[in-house]
**Student:** 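Have a look at this one before I ask anything.
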2 protein chains.
Amino acid sequence: MGVPMTERTRRPSAPTIYDIAEKAGVAASTVSRALNKPGRISTETEARIRAAADELGYRLNPMARSLQSGLTGNLALVMSDMTNPVYFDLVRGAERVTADAGCTLLFADSQENVDIELDAAQRLLRVADGLMLVGSRLSDEQILSLSALKPVVTVNRLVDGIPAATAEVEVGVHQAVRHLHELGHRDIVYLEGPSASWMNGRRHEVIAADAAALGMTVTFLDSDGPTIEGGHAAVPRVVATGATAVIAFNDLLAFGLLQGSREAGVDVPVSLSVVGFDDIFGANLLTPPLTTVRSHMRNLGEAAVLALRNAIAGEDERETERPATELIVRGTTGPVAPAGP
Amino acid sequence: MGVPMTERTRRPSAPTIYDIAEKAGVAASTVSRALNKPGRISTETEARIRAAADELGYRLNPMARSLQSGLTGNLALVMSDMTNPVYFDLVRGAERVTADAGCTLLFADSQENVDIELDAAQRLLRVADGLMLVGSRLSDEQILSLSALKPVVTVNRLVDGIPAATAEVEVGVHQAVRHLHELGHRDIVYLEGPSASWMNGRRHEVIAADAAALGMTVTFLDSDGPTIEGGHAAVPRVVATGATAVIAFNDLLAFGLLQGSREAGVDVPVSLSVVGFDDIFGANLLTPPLTTVRSHMRNLGEAAVLALRNAIAGEDERETERPATELIVRGTTGPVAPAGP
DNA sequence: CTGAAAGCGCTTACAG
DNA sequence: CTGAAAGCGCTTACAG
């Protein structure tokens, strides 16, 4: 009587180079060479080995190779908040370049929490060849200690001695501030992002400098978080400053500002102009559509992977890539309203 | 003369269990046991070993363990389009559960392309213990052949013999169709998603059945793709049917429908009601905000990971999780307009 | 061009 | 409770 077969598909243990060696009548080391360094083996032997490998459906065991080489072929990416649409394009760019290089992308989200971020970074670093930190909230010391383990690349963050990929900041901010100035705005607000965000610091500085150069005053207001809710909640405080325009650290804040303004009866752009950063998904779909500073996140993701692969290869080129930024003028900015009666 | 030190941080090769063994004066096998099966070792030896490990800053080499066990601790996720906001919550849910289990998430995007999807799936499967296929466009045969290699779980897709996590469909569709019926709509359109999408097939079927039961007619219209552009381009054909309401396969299509309607001077919801699926980021921010069928993608992501871990553990429980769906009524649906003069 | 051997860092029967 | 040894699947000097 036949043994009852289970319904489950059989998963026989995968063939190894020893199986191939036996089948092809050669040594395992020859198989390894035939498969990895074509040309170092006689044409006929190589053909015989490849045929045997195909027949057996051989697949290299990457763990065995990793154990040998110390390299995994994995690149890790940790980001501060993966539900922020600004990162979608970055991840997609990073994923594409990683896949093209035959590597695979490892992935964790720190939910804007330093402890989770550190934990995730350490966890991923054990199984990856290097780490990309996107919008990290870690301290310089923490990042440095991570980089003592394996190569680390920061994205939109600068730490001395660590390779980085950062978006260019100045051009977009120049355009945004000048745009508001041309529309007649003289008193503006900058609604801050997280204090631990390097990019927030940069935007703050450049806005301050540009505004000063044009004779505008800027009030810096903290937000509860770089989220729609944070922007929503900030509306009364923004209005209280008497400013006629607000630049928000990111589009999420700007979205919330728009939402809150509408509920508070503040007419955008007639009595308040709003500018965001990032040009995230949906920015052009709002009514009115959002004026915002776009950065090319996809390029940034690609640049980060390139920088990391360089660092892993031991190449010291710390050329920090700087994808351009540009102001996209849409409907949330307008001329300053004539003074009231 | 001192040898000039390079600026680069030194990355000394990591300590192994042999280093610990030497320092603690025991055998490597004892170290392994002390670290992995606490209790099987005398308390004092274990303490000595742990102290030595700490002092050395020991970290387990996961490749070595993997080579031994055949398991990597990696779970792979391949999705059809990671820029579709519907997946953000799914990924976040999956990532969280994966991390909680001490595993790590591997990640690829197929950009709605079958070849890329198959390629990515095979690539990831070599370095992961199992694979989650989200919104797969692969054929049943392709999925089956993948699952011959390692455990595979499908998300929002059913293949005979493959464990799956799917969102419940019926309740949300019932609510949507009934909602339109109550508003007086009798002729509606279903704007289709990709024909290779299992979920599109399900939605199609249930809408057809529900509409028939309520005496409504439904016209099925193909779209160029499940994107904003696809929805935008479909507006003339939707209008040409004379239908008073349209249900779109997903919110991206619905967004495009809204955008196209506005440009074509079609007033939503006065002369056309629009319903989407997914309740993606931005759906509530539009003007008018989108009426849509929400599914709890985060739960779906969690369910997928659970199912995959079950499959890897060899547990045969094919209990397919079914996170609920519900209609979120907002501003894009309204009573059918009185017949013209 | 090809083979025999050692080793990557761990785990796990097998003894004691 | 602990140690010596073999083995996971591959790669790479070292010989020939």
Side-chain angles (χ1 to χ4, degrees), chain A residues 11-53 56-74 102 125-129 149-150, chain B residues 11-53 56-74 102 125-129 149-150:
Chain A
R11 286 201 193 86
S13 65
T16 72
I17 54 170
Y18 289 94
D19 299 318
I20 301 176
E22 191 177 345
K23 191 169 188 108
V26 296
S29 47
T30 306
V31 175
S32 175
R33 276 187 288 259
L35 265 22
N36 296 308
K37 342 220 173 205
R40 296 247 242 133
I41 294 283
S42 82
T43 327
E44 41 196 328
T45 318
E46 184 175 330
R48 193 148 37 90
I49 290 174
R50 289 201 179 279
L56 258 23
Y58 171 76
R59 331 224 62 182
L60 169 76
N61 180 327
M63 274 96 72
R65 174 178 282 180
S66 293
L67 184 53
Q68 193 65 221
S69 67
L71 255 30
T72 63
N74 297 151
L125 219 37
R126 300 146 129 259
V127 290
D129 298 335
L149 269 29
K150 299 229 182 115
Chain B
R11 288 199 191 87
S13 64
T16 72
I17 55 170
Y18 289 94
D19 299 317
I20 302 176
E22 190 178 345
K23 189 167 189 113
V26 295
S29 48
T30 306
V31 175
S32 175
R33 278 187 288 259
L35 265 20
N36 297 306
K37 343 223 171 201
R40 296 246 243 133
I41 294 284
S42 82
T43 326
E44 41 195 329
T45 318
E46 184 175 331
R48 194 148 36 91
I49 290 173
R50 290 201 178 280
L56 257 24
Y58 172 75
R59 332 225 62 183
L60 169 74
N61 180 329
M63 274 96 74
R65 175 179 281 178
S66 292
L67 184 54
Q68 195 64 223
S69 66
L71 256 29
T72 63
N74 297 150
L125 218 40
R126 300 147 129 260
V127 290
D129 298 335
L149 269 27
K150 300 228 181 117

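Chain letters run A, B, ... following the sequence lines, proteins first, then strands; residues in each count from 1.
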**Student:** Who is the Watson-Crick or G-U wobble partner of D:dA13, with both distances under 3.5 Å?
**Tutor:**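 The base-pairing partner of D:dA13, which may sit in any strand shown, does not exist here.
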
**Student:** Respond yes when some side-chain nitrogen or oxygen of B:K37 is under 4.0 Å from OP1 or OP2 of C:dT11, and no when none is.
**Tutor:**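 No, B:K37 has no side-chain N/O under 4.0 Å of OP1/OP2 on C:dT11.
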
**Student:** Does A:T30 put a side-chain nitrogen or oxygen below 4.0 Å from OP1 or OP2 of C:dG3?
**Tutor:**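 Looking at the OP1 and OP2 atoms of C:dG3, one of them is under 4.0 Å from a side-chain N or O of A:T30.
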
**Student:** Which is more 5' along DNA chain D, the nucleotide nearest B:S42 or the one nearest B:Q68? Just name the residue.
**Tutor:**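 Residue closer to the 5' terminus by nearest nucleotide: B:S42.
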
**Student:** So, A:K150 side chain and A:L125 main chain: donor-acceptor pair closer than 3.5 Å or not?
**Tutor:**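 Looks like yes, one N/O pair under 3.5 Å.
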
**Student:** C:dG3 base to A:R33 side chain: any donor-acceptor pair below 3.5 Å?
**Tutor:**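 Side chain to base: pair found, below 3.5 Å.
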
**Student:** Just how far, in rounded Å, is P of D:dT11 from CD1 of A:I49?
**Tutor:**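 Distance, rounded to whole Å: 13 Å.
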
**Student:** Between B:L60 (CG) and C:dC8 (C1'), how many Å, whole number?
**Tutor:**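 Going from B:L60 (CG) to C:dC8 (C1'), I get 14 Å.
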
**Student:** Keeping the roles fixed (side chain from B:T30, backbone from B:V26), state whether a donor-acceptor pair exists under 3.5 Å.
**Tutor:**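 Not confirmed, B:T30 side chain does not pair with B:V26 backbone.
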
**Student:** Rounded off to whole Å, could you give me the CD1-to-P distance for the B:I17 and C:dG9 pair?
**Tutor:**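 To the nearest whole Å, that distance equals 10 Å.
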
**Student:** Rounded to the Å, how far apart are A:L35 CG and C:dT2 P?
**Tutor:**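 Interatomic distance, CG of A:L35 to P of C:dT2: 14 Å.
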
**Student:** Using whole Å, what does the distance between atom C1' of nucleotide D:dG3 and atom CD1 of B:I41 come to?
**Tutor:**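 My rounded result for the distance is 10 Å.
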
**Student:** At 4.0 Å (heavy atoms only), tell me whether A:S32 reaches a base, stays on the sugar-phosphate, or touches nothing.
**Tutor:**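 Result for A:S32 = base.
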
**Student:** Only pairs with both distances under 3.5 Å count, Watson-Crick or wobble alike; so what is the partner of D:dA4 in this structure?
**Tutor:**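 For D:dA4, the partner nucleotide comes out as none, under the 3.5 Å rule.
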
**Student:** Can you tell me if B:D129 uses its side chain to pair, donor with acceptor, with the backbone of B:L71 under 3.5 Å?
**Tutor:**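 No; zero donor-acceptor contacts below 3.5 Å.
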
**Student:** Does the pair A:I17 and A:Y58 meet the rule for a side chain to side chain contact (heavy atoms under 4.5 Å, CB included), with working shown?
**Tutor:** CA-CA 8 Å; A:I17 54 170; A:Y58 171 76; 3.5 Å; yes

**Student:** Starting at OH of B:Y18 and ending at C1' of C:dA6, how long is that distance when rounded to a whole Å?
**Tutor:**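 After rounding, the gap between these two atoms is 13 Å.
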
**Student:** Check this one for me: any side-chain N or O of B:N61 less than 4.0 Å away from OP1 or OP2 of C:dC8?
**Tutor:**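 No, no such contact exists.
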
**Student:** Toward the 5' end of DNA chain D, which comes first, B:A64 or B:T45, by nearest nucleotide?
**Tutor:**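 Mapping each residue to its closest nucleotide by heavy atoms, the 5'-most match is B:T45.
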
**Student:** How many whole angstroms separate atom CE of B:M63 from atom P of C:dG7?
**Tutor:**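 Rounded to whole Å, this separation is 19 Å.
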
**Student:** Base, sugar-phosphate alone, or nothing: which one does A:S29 contact when heavy atoms must sit under 4.0 Å apart?
**Tutor:**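 Base: the residue A:S29, judged by heavy atoms under 4.0 Å, touches a nucleobase.
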
**Student:** Rounding to a whole Å, what distance do you find between A:L67:CG and D:dC8:C1'?
**Tutor:**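 The distance from CG of A:L67 to C1' of D:dC8 comes to 9 Å, rounded to the nearest Å.
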
**Student:** Is a side-chain donor-acceptor pair under 3.5 Å present for A:T45 with A:S42?
**Tutor:**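 Indeed, the side chains of A:S42 and A:T45 share at least one donor-acceptor pair under 3.5 Å.
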
